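A short worksheet on the structure shown next.
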Amino acid sequence: MRTRVGIIGAGPAGLLLALLLRRSGIDAVVLERRSRSHCESRVRAGVLEQGTADTLAAAGAGERMLAEGHVHQGIELRFGGAGHRIAFEDLVPGRAITVYGQQEVVKDLIAANLAAGVEIRFEADDVAVHGIDGAPHLTFGGERLDCDFIAGCDGFHGVSRASVPPERLRVFAKTYPFAWLGVLADVAPSAAELIYAASERGFSLHSMRSDRVSRFYLQVPPETRPEDWTHEAIWAELKARHETVPGFTLRTGPVRAVDVAAMRSFVVEPMRFGRLFLAGDAAHIVPPTGAKGLNLAVADVRVLARALEDHYRSGDDAGLDAYSAACLRRVWRVQHFSAWMTSLLHAFGPQENGEAGFDRRLQRARLEGVVRSRAQATVLAENYVGLPYEDT
Ligand code: APR
Ligand code: PHB
């Protein structure tokens with residue numbers, strides 16, 4: 001087999017790249033290790049930046065998102081017995097977020113690719129990367145795919161980054177002393193907008209998927225397993241962390257799924273190695289507090305798709321040469337925002353005297369600053385709805 005761009009991974013990054021290339025008349029093949037139904041049912045985050053929603057719509061994969069997604073004009077920060085709204089319509093007019101499950105994005109992207117004639121090979125075994133400095137090709141399940149370029153869109157645990165000799169890359173990483181217990185429940189949301197709640201018991205997030213499905217997260221110790229928490233304990237803890245403002249009652253209902261997500265920050269530099277380009281989680285991980293994982297993947301892929309278009313249209317490789325540096329500028333700003341949101345909202349150790357207690361008091365002062373200073377609230381809002389793309 002031969003194609004122009006061999007894409008590894010049918011997550012948001014690989015699927016959007018394939019679709020953008022197809023729209024520009026550039027052939028690509030996607031190799032995915034898992035089954036289609038597995039890719040379509042993984043529960044992940046659900047907040048789309050304005051630019052992500054616009055990009056999906058412009059690529060022709062936004063019809064259902066526009067019909068079923070919910071546009072939110074703000075989020076709430078809840079701490080110290082009060083809720084504080086960060087009002088996007090006031091602070092960053094014209095930009096908002098769309099709440100739409102990531103697995104719905106993946107379903108829509110798969111359907112749009114297949115309708116456009118893109119070949120996606122699900123259940124491709126033992127994908128391996130070869131010839132990144134010369135004649136790039138991929139092997140899988142006894143087959144061979146020759147290509148001009150390889151896009152490594154295979155997530156944090158994929159093969160593409162692992163196939164680069166270690167001396168050619170630099171890794172920057174940080175872990176956090178907690179994880180997130182994720183809960184998907186068949187219950188109507190208890191609020192119209194997301195609630196980021198910081199309490200002495202730890203951080204908690206109330207998000208949603210639809211009028212009947214809510215998504216919650218609890219800060220938990222890093223070694224936590226989903227089965228450690230009974231559903232009763234989950235609801236009790238969610239109530240304790242959210243029912244901290246007068247008049248707020250958390251609705252409860254059947255829990256559909258419980259998962260645990262590690263919290264880490266990770267970046268690999270550069271993002272290009274010869275004819276191999278990394279995009280999305282293959283190149284970087286952010287802690288989920290800023291809801292940026294999918295959005296950052298979309299930003300990478302926009303840059304890569306445009307650079308490949310220039311290459312094939314006019315032989316201009318300036319975009320390909322600038323790919324890594326252009327992506328990393330945004331990656332590091334988003335890393336900063338995600339780490340900042342994480343440290344702002346999570347409980348690090350007990351409320352004590354001395355140095356630890358001092359840090360908790362500073363954390364509270366930072367929260368007060370964000371909700372009382374219009375300038376600081378604007379910084380949060382600008383980042384949350386998504387920084388402008390460099391290419392527009
Ligand atoms: N061979 C083929 N496919 C692979 C391999 C492999 N060796 N390893 C991983 N994959 C596939 C995974 O099964 C998955 O479908 O690559 C895909 C990677 O998708 P994501 O992990 O979703 O990564 P990405 O597309 O970069 O997503 C960016 O969306 O899914 C979220 O957490 C993710 O927030 C991040 C964002
Ligand atoms: C989610 O809805 O899953 C979600 C929302 C906001 C986050 C993380 C996850 O910061």
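Each ligand, and each atom within it, is numbered from 1 in the order the structure gives. The structure displayed is predicted, hence computed values, not measured ones.
Residue contact annotation: K292 has no non-hydrogen atom under 4.0 Å from ligand 1. Put simply, part of C153 is less than 4.0 Å from ligand 1, judged by heavy atoms.
For atom 2 (O) of ligand 2, the nearest non-hydrogen atom of the protein is S207 OG, 2.6 Å. Closest to atom 19 (O) of ligand 1 among all protein heavy atoms lies G11 CA, 3.4 Å.
For the pair A282 and ligand 1, the shortest N or O to N or O distance does not fall below 3.5 Å.
A ring-centre distance under 6.0 Å is found for F266 and F156. The aromatic ring centres of H84 and F79 sit less than 6.0 Å apart. Here F178 and H346 bring their ring centres to under 6.0 angstrom of each other. Here the two rings, on F216 and W180, have centers that are 6.0 Å apart or farther.
Residue V127 touches ligand 1 through its side chain alone, judged by heavy-atom distances below 4.0 Å. If you look at V99 next to ligand 2, there are no close heavy atoms at all, none under 4.0 Å.
Crowding of R170 atom CZ: a count of heavy atoms from other residues, nucleotides or ligands under 6.0 Å not exceeding 12.
In summary, the atoms of ligand 2 found under 4.0 Å from a heavy atom of G46, numbered by their order in the structure, are 1 (C), 2 (O), 3 (O). Every atom of ligand 2 is numbered from 1 in the order shown, and the set under 4.0 Å from a heavy atom of R209 is 1 (C), 2 (O), 3 (O). Those atoms of ligand 1 with a heavy atom of L31 less than 4.0 angstrom away are 2 (C), 3 (N). For ligand 1, the atoms lying closer than 4.0 Å to a non-hydrogen atom of R42 are 12 (C), 13 (O), 14 (C), 15 (O). The contact set between ligand 2 and R215, taken as ligand atoms under 4.0 Å from a residue heavy atom, comprises 3 (O). The atoms of ligand 2 that sit less than 4.0 Å from any heavy atom of A291 are 6 (C), 7 (C), 10 (O). In summary, the atoms of ligand 1 found under 4.0 Å from a heavy atom of G280, numbered by their order in the structure, are 26 (O).
Evaluated by nearest non-hydrogen atom to atom 12 (C) of ligand 1, the leading choice among Q102, Q103, E32, R34 is E32. Checking D125, D281, I8 against atom 26 (O) of ligand 1, the nearest heavy atom belongs to D281. Across the listed options P288, P287, G101, S214, P288 owns the non-hydrogen atom lying nearest to atom 8 (C) of ligand 2. By heavy-atom distance, the residue among Y217, W180, Y196, F216 lying nearest atom 6 (C) of ligand 2 is Y196.
A perpendicular orientation is assigned to the rings of F277 and F149, their planes being inclined by more than 60° (bins at 30° and 60°). Between F88 and Y384, the ring-plane angle classifies as parallel under the 30° and 60° cut-offs.
No cation-pi contact links R121 to F140, judged by a cut-off of 6.0 Å to the six-membered ring centre and 45° from its axis. Judged by the 6.0 Å and 45° rule, R78 forms a cation-pi pair with F248.
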